[in-house]
Amino acid sequence: MDNSLLFKGPEKINKLIRPVLDSMTKIGIAVDLDILDKLSGELRGKIEILEKKAFEALGHMFNLNSPKQLAEVLFVELKLPPAKRTKTGYSTDEQTLKNLLNLHPLIAILLDYRELYKVQSTYAEALPRAIGSDNRIHSIFQADKTATGRLTSSEPNLQNIPIRGEWGERIRRAFVPSSGFIFLTADYSQFEFRILAHFTGDGKLLSSFENHIDIHRATAAEIFHKKPAEITDEERRVAKTVNFGILYGMSPHGLSEELGIDHEQAQNFIHDYFTSFGTVKFYLENLLRQACKKGYIETLGGFRRYIPELGSDNLMVRSSGERMAINFPTQGTAAEIMKVAMINLFGRLRQEKLKSRIILQIHDELLLEVSTGEMEKVKPIVKEEMEGVIKLKVPLKVDLKLGQNWGEMKEIAE
DNA sequence: GGGGATGGTG
DNA sequence: CCTGCACCATCCCT
């Protein structure tokens, strides 16, 4: 076990992953320009209509994309009640706008406009500009740019392509396999929660994974004091937010913002969470104590992050440091496990002289192009290399999906 | 918590 | 006048 590449240190891992990332950049990913052009045209029409409706609802024109002008319109001209403040004025972010929905017809139009404008400007119009003469996009992947060890993707960033809603799927459908290949995605199931279960050794977390119980449902059962089978979709959604909140070191205030509930209720959720998962509470307290004492925190593979903020007199700064310390071991360990998986998988595909290749990495997921005819050989290799990086108290689990484009990936049984 | 891209602003 | 730059707010992903 100790001979896993994971324990050879971050420098070694980052050196070995370089050829993998260079290969991904060089190969790139094919994009169907026709799909993006049609999508962009459709969006252009809808955005124009929304713009007209907005000006009609207000009575005059202004720059819908200017937070400054919008704040003036909403909070001075229309005298709507301002909520959050930013450094420079009043916030007009999505959460704020949603709370004003019933107060003026302009708000609903603005929300629709923002959604479509984002898809149009950042994706439908921008991605075509990144397409090379080979009809492919060659994003740059870097291994040593983040505090936690995650990869970055830039020019363009292919790690933030939309996935939710109608527009997310339509953008992703424009990403297609090379001819003679099919897309295979392999994602680590509940990646960071399995690592948290390993680090904490919490009995409830471990048994949830052992018994294949959905982790968010299990948490919902604990914080709503119900049987797992009786949990509603809404309760599961709340529990999912609480789970991620724990992973990110979120405060009661942060959780209440995220869920749109009052501070006291958020505090209750967190209290009930730590009552049920007592070992997680113990682990986090010990983690912070160690981090303060040593000034740094470590991943499973020994990657360190120094956190001087923990010694600050300023509460905001210190709290921010505590969140970094809480989040770093799980996010950082997940990142290095994925890196080792990529190095080993890359080597294995080469060793077995396969044409199939890694195309993208999105933190807990790999997108591969699998050559026609290689599928039955590649599937077990991908699973083995990803699941086999390290044996934790909870086994790593990888789910596979297949598709003729990135927007319509379908789960497959192995 | 960790990123990158966009448009506005000065 | 224009261009480049830094910063901010916002929003997409995990």
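Just so it is clear: chains get the letters A, B, ... in the order the sequence lines come, proteins before strands, and each one is counted from 1. All heavy atoms count here, side chains included; hydrogens, waters and symmetry mates do not.
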- [ ] State whether a side-chain donor-acceptor pair under 3.5 Å links A:Asp93 with A:Thr96.
- [x] yes
Open item on the list: Under a plain distance cut-off of 3.5 Å, with no hydrogens placed, do A:Ser320 and A:Glu309 share a side-chain donor-acceptor pair?
Closed with: no
Looking at [options], which one has an atom nearest to any side-chain atom of [X]?
X	options	value
A:Pro67	C:dT14, B:dG4, C:dT10	C:dT10
A:Ser91	C:dT10, C:dC8, C:dC13	C:dT10
A:Glu155	B:dG4, B:dG7, B:dA5	B:dA5
A:Tyr117	B:dG7, B:dA5, B:dG1	B:dG7
A:Ile163	B:dG4, C:dT14, B:dG1	C:dT14

Below 3.5 Å, can you tabulate the donor-acceptor pairs from side chains in residues 291-301 of chain A to any protein atom, sequence neighbours excluded?
| unit_1 | atom_1 | unit_2 | atom_2 | d |
| --- | --- | --- | --- | --- |
| A:Tyr296 | OH | A:Arg304 | NH2 | 3.3 |
| A:Glu298 | OE2 | A:Arg304 | NE | 2.9 |
| A:Thr299 | OG1 | A:Gly301 | N | 3.4 |
| A:Thr299 | OG1 | A:Gly302 | N | 3.3 |
| A:Thr299 | OG1 | A:Phe303 | N | 2.9 |
| A:Thr299 | OG1 | A:Glu336 | OE1 | 3.1 |
| A:Thr299 | OG1 | A:Glu336 | OE2 | 2.8 |

Open item on the list: Does B:dG8 have OP1 or OP2 under 4.0 Å away from a side-chain N or O of A:Asn63?
Closed with: yes
TODO: Would you please confirm or rule out a distance under 4.0 Å between OP1 or OP2 of B:dG10 and any side-chain N or O of A:Lys68?
DONE: yes
Open item on the list: Before you tell me yes or no, could you show the steps for A:Phe282 and A:Phe274 under ring pair (Phe, Tyr, Trp, His ring centres under 6.0 Å), namely the whole-Å CA-CA distance, both residues' side-chain angles and the distance that decides it to 0.1 Å?
Closed with: CA-CA 9 Å; A:Phe282 176 80; A:Phe274 283 129; over 10 Å; no
Between the protein and nucleotides 2-4 of chain C, which nitrogen or oxygen pairs are less than 3.5 angstrom apart?
none

Open item on the list: So A:Glu115, base contact, sugar-phosphate only, or nothing? Heavy-atom distance under 4.0 Å.
Closed with: nothing
Open item on the list: Please give me every residue in residues 289-317 of chain A whose heavy atoms get under 4.0 Å of an atom in DNA chain B, ordered by residue number.
Closed with: A:Arg305
Open item on the list: In this structure, how many angstroms lie between the C1' atom of B:dT9 and the CG atom of A:Leu64, rounded?
Closed with: 17 Å
